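Predicted model only: the values in this text are computed from it and were never measured. Only this structure's heavy atoms are used, side chains among them; waters, hydrogens and symmetry mates stay out.
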Amino acid sequence: MLWTRWLVLLLCWGATSGEQQADERDRAPAEVRADSRRQRSPPPVEPLDFGFVPAAVYDTHAYYEPGAVGILFHMVHAFLYAVQPNSFPKDLIVKVIQQNMGGIKIEEWRKPENVVLLLKWIHYEAGFLICATIGILIVVLTPIIGMCFCVCRCCENCGGEMHQRQRKNADCQRGFYTASLVATSIFIVVGVLIAYAANHNVSIQIKSTRRLINTNMRDMKTFANNTPAQIEYLTAQYTTAKNKVLSELDNIGPLLGGRIHSQLEKEVVPSLDTALRMAGAMRETKEALENVSSSLEVLQEGTGQLQARLTGERASLSNTLSDPACTNGAVSPTCNTIRSTLSQLGISADYSKLRDVSHALDNIDTVLKTDLTNIVQKGYSSFNDTPRLVKEQTKNIVSGVKGTLDKIGAEINGFSKMFPVEASLANFTIFLNQGLKNIESYYPQIDQMDFYRWIGCVAVLCLVVLVLAFNILGLLCGSCGYDKQATPTTRGCLSNTGGNLLMAGVGFSFIFVWVLMAMVTTFFIVGGNVEKLVCEPLANRQLFKIIDTPFLVHPAKKNFLPGMLFQNPNIDLTLGSMYRDCFENNGLYHALQLETMFNINSFLNRTVYNNDLAKVFESVQVDLQHITLLEQAGRDNLINFANSGIGQIDYEAYLAEVNKGVTLVDLLSFSTDLEAQADQLPRGALENALKGHASSIRQIHREQVVPMEQAMSTLSQSIKQLQRMSSDLPVKVTNILSAIDAAEYLITNNASHVVKQETKGYVQSLVGYFRQYTEWVKNSLTAEVAQCKPISNIVDSMEIVACSFIVDSVNTFWFGLGGCCILLIPSIIFSVKLAKYYRRMDTEDVFEDSSYPWLVAL
C-alpha cells in the first residue's frame, strides 16, 4: 500500500491559503478595526484568471431503471412493508454490536439489558416470524396431512370409497368446483410467470453487471491518469500569480510612487498652486502699474493742453458776447445767459498733484527678473518625480523579491517531484488492469453458475407446472368427457381419465408443496431481512449512520473510517460524509479530509508567502527628503514682491481725481445749449459766431476730452486692480510661504507615515495575488482535483447489483413461488372434490318402483 500513501500525500500539496494568516487577521487589534473606516482602504486587487483545471469525464451512470419488472419489485416491496412496517432499528443494531463486540456468548444474553434487546429484536421481526411460522407449519403439516389423507383414502374413507351419492345440486357443485379450480390455476400460472420473470431478470442483469464493472474500472483509470495532470496544472498556475507580482514590481514607481504622490498632493499641490497664482499676480501687477504710469502721463499732458484750449475758447466767446449787437434789448438776455455759463468752460480734475508709480514699477521689474513660474514648475516637477524616486530607491528590493519568487517557484515544482507519483499511478493502473483481467476470468464460471441456477429455478417452477398440467388436463378431459345422461358407474373413459389426472395432481401437490414452501420460507427470511436491513438502509443512507456511529468498533476508537485509512480514529471523517462529497463529485482531498494528514497551509506559509518574502516587503523604505518644492530664489522673489511698494500708493487720491471727470461741464451738452441759444437770436453775424464757438467746443471734446476719458477709465481700472492686489499682500505671501514650508516639512519629516501606509497597501495588493492563488488551489482541490465520483459510483453500482439485480429478483421469485404454494392448498381441495364428478364409480344409488314414482323420476 505504499503507492497509496504517496498518492495521498501528493494530492495534499496544493491546498488552501495559510491558516496562520487568517489567525493573524482575527487577532488584529480592536482599535485598528475601529479606525479602518477612517483610513483609506487599499485599492481592489485585480482578479487573476487561472483558467480551468483539466476535468475528468467519467463513463459510469450508476442509475438503474428496472422497466416493466419494476412493477413486480414494487409489489414485493409493498408486501414486505406490510409484513415489516417498522422503521430501521439503527439504535437497536448499534447496541447489539457494541454489547457483543467480543463475540456472542450465551451467558451474556441472560443479562437484563440483553434480554430487553432480544425482546426489541423479536418485536421488530414479528412480521417475519409470523410468516416464517406459517411457512414452517405448512412445511411440517403438509406431508403429515398428505400421508394421513393417503391412508384414509386407502381405507375407503375421506372420499376413497368409489361410490357417489345422487344429489339434486350435483351440477351446481361441479360447476362451482370447476370454476374455483380454474381460477386457482390461473393465479398459480400468474405466480409461475412472476417467478420466471424474476429468474430470467437475474440472468439478464448479470450481463449488465459486466458493463458496470467495465465502466467503473475505466473511471478508476481515468481518475488515476488525470490526477497528475491536474496537480501539474495547479503547480504551473503559480507562474500566473508570480508573473502578475513581477509585473507590479516592475511598475512599482507608478504604482507605489503614484499612491504616495496622491496622498501627499493633498497638501503639496494647493501650496504650489497658490505660489503659481502669485506669479501670475506679479505679471498682472506690472501691467497695471504700466497702465497707471502711461495713463497718468497722458492725463497730465492732456490736462494742460485742454486747459489752454478751454481758456482760449472762453476768451474768444467772451469777446463775441462783447459785440454791440448783444446790447439790443431782445438779444441782451440771451447774451447774458451765455455769458453766465462761461465759467463752466474749465477742467475738473488736477492730475499734476498725483505721485507717479515709477518706483513701484521699478521694483516690480526687478522682481520679475526672477522667473517665479519656472521655479514653481520645478517644484511641481520635483514632487511629480516621486514615482522615479521610488523606483530608484527600491531597485535592490525588487531584484531581491524576484529572486525570492524564483526560489519559491522552484520549491513548489520540486515538491511535486518529491513523490514517485508517476510510478505509483502506473502501479495502480497495472493493479486495475490485472484486477479487471481476474474478474473477467471468472465470467465463464459466473455464466455457468448462473445457467445452473437458472436451470434449478426453472426445475422448481416445473414442479408447479407439473401440478398445473395435471389440473388443466384433468379439467379438459373431465369437462369434455362428462355426460349428464351417464350414471356414476357408466361414465366414459375420457371423464374417468380427467378425474384420475386431478387426483394425480393432488398427489404431486402433497409431494412437492412442502419442499417448495421450505425453499420459499428460507428465501423469504433471508431475502426479506436483507431488503429491510441492508438494501433499504443503504438506499436512504441509514446504513452509513450505523457504520459512522462513534466508538462502534472499539471503545477507544471514535471513527471507523479514518482509523482504517489513516490509523487515526479521532479524525472527524465519516463514511456518510465521504460518500456525499464523492457523490457531488468533489475532490478526494476534501472528501477524505487529507489536510489532517498533511497540512498544506503550513507548506504554503513556508513557500508561497514565507517570512523571507515578508521581510523583503517590510524593508521597503522611500526617502523623499530631496524633494524641494520652492527654491530660495522663489522665496526671496515672493518677499520682494510683498515689499515692492504697491501697498504705499495713494489709491484714494487717484480714485478721487478719477471720479471728478475731465471738465466741469459736459462740453457736448454745453455746445448743444449754445447752439440752441444762438438759434433764438436774429440771423446775422452774432448767430453765426456763436455757432462757430459751439463747433469749436465739440472739436475740443472730440480731440481732447475723449482720449482723456479713455485714459481715466484705464487708470481707474488699473488703480482698483492694484488696490485689490496690494490688500494684505504681505499676509498673503506669508501664508503662501507657510503653506509651502508645511508641505516641505510633511515631505521631509512626516512622509514616512504616508510611505509606510501606502507601502503596506501596495504589499497587501501583492499578497492578494498569492492569496488568490492559494484560494484557487483550495477551491480546485475541493471541487476539481481528483474528483472522487468513481468511489460513489462503485458504492452505487454495488447497491444496484446486490439489491436491484439480485435481492429484488430473489424476493420477487419467492413471492411468485410462495403464492403458488399457498394456492396449491385450495387446488388440492377443489381437485379432490371435482374428481368425484369425473371418475367412474363402482357403485351408485338405485331407486326401485314404489308408491313414490315422482321420487324415482326425480
Side-chain angles (χ1 to χ4, degrees), residues 131-164 173-174 176-196 456-478 495-525 813-841:
C131 292
T133 303
I134 295 174
I136 293 172
L137 288 176
I138 294 175
V139 171
V140 174
L141 294 178
T142 300
I144 296 175
I145 294 173
M147 291 178 62
C148 294
F149 180 73
C150 181
V151 172
C152 185
R153 286 184 67 85
C154 289
C155 297
E156 296 186 354
N157 293 317
C158 303
E161 181 184 5
M162 299 300 290
H163 175 81
Q164 185 177 14
Q173 289 183 356
R174 181 179 59 82
F176 170 75
Y177 291 139
T178 301
S180 298
L181 184 58
V182 169
T184 303
S185 299
I186 291 174
F187 282 112
I188 292 175
V189 170
V190 172
V192 171
L193 293 177
I194 290 174
Y196 180 80
C457 292
V458 171
V460 171
L461 295 177
C462 286
L463 299 179
V464 181
V465 172
L466 179 62
V467 176
L468 280 174
F470 282 120
N471 289 345
I472 294 172
L473 291 175
L475 286 170
L476 291 175
C477 292
S495 176
N496 186 54
T497 301
N500 291 333
L501 288 174
L502 290 176
M503 291 307 297
V506 172
F508 282 113
S509 296
F510 277 115
I511 294 173
F512 298 140
V513 71
W514 68 275
V515 178
L516 298 178
M517 183 54 71
M519 294 176 58
V520 170
T521 303
T522 302
F523 289 156
F524 166 72
I525 294 175
F813 180 80
W814 64 250
F815 179 75
L817 185 60
C820 295
C821 294
I822 297 297
L823 292 172
L824 284 176
I825 296 175
S827 174
I828 292 173
I829 298 173
F830 297 140
S831 295
V832 171
K833 291 289 186 181
L834 188 58
K836 199 75 171 179
Y837 294 93
Y838 293 150
R839 295 180 69 188
R840 185 184 298 120
M841 300 290 105

When rounded to the nearest 0.5 angstrom, what distance separates [atom1] in [X] from [atom2] in [Y]?
X	Y	atom1	atom2	result
Leu516	Leu463	CG	CG	5.5 Å
Met517	Ile134	CE	CD1	9.5 Å
Ile472	Ile186	CD1	CD1	9.0 Å
Leu834	Gln173	CG	CD	11.0 Å
Leu473	Leu468	CG	CG	10.5 Å
Ile145	Ile138	CD1	CD1	9.5 Å

Only residue of Val189, Val192, Val458, Val460 satisfying side chain to side chain contact (heavy atoms under 4.5 Å, CB included) with Val465 is Val192
- Message: Is it true that, when you exclude Phe512 itself, more than 12 heavy atoms of the residues, nucleotides or ligands shown sit nearer than 6.0 Å to its CZ?
- Response: yes
Which pair of non-hydrogen atoms, one from [X] and one from [Y], has the smallest distance, and what is that distance?
X	Y	result
Val467	Ser509	CG1-OG, 3.1 Å
Ala835	Gly499	CB-O, 3.6 Å
Phe813	Ala195	CD1-O, 3.3 Å
Val139	Pro143	O-CD, 3.0 Å
Ile525	Ala132	CD1-CB, 3.6 Å
Asn471	Gly505	OD1-CA, 4.3 Å

Apply side chain to side chain contact (heavy atoms under 4.5 Å, CB included) to the pair Leu137 and Thr133, showing each step before the final yes or no.
CA-CA 6 Å; Leu137 288 176; Thr133 303; 4.3 Å; yes
Note to self: Closer than 3.5 angstrom, by distance alone: can the side chain of Ser827 be matched with the main-chain N or O of Leu823 as a donor-acceptor pair?
What the structure shows: no
Original post:
Where does the angle between the aromatic ring planes of Phe470 and Phe508 fall among parallel (under 30°), tilted (30 to 60°) and perpendicular (over 60°)?
Top reply: parallel
Between Leu181 and Tyr177, does the side chain to side chain contact (heavy atoms under 4.5 Å, CB included) criterion hold? Intermediate values first, please. CA-CA 6 Å; Leu181 184 58; Tyr177 291 139; over 6 Å; no
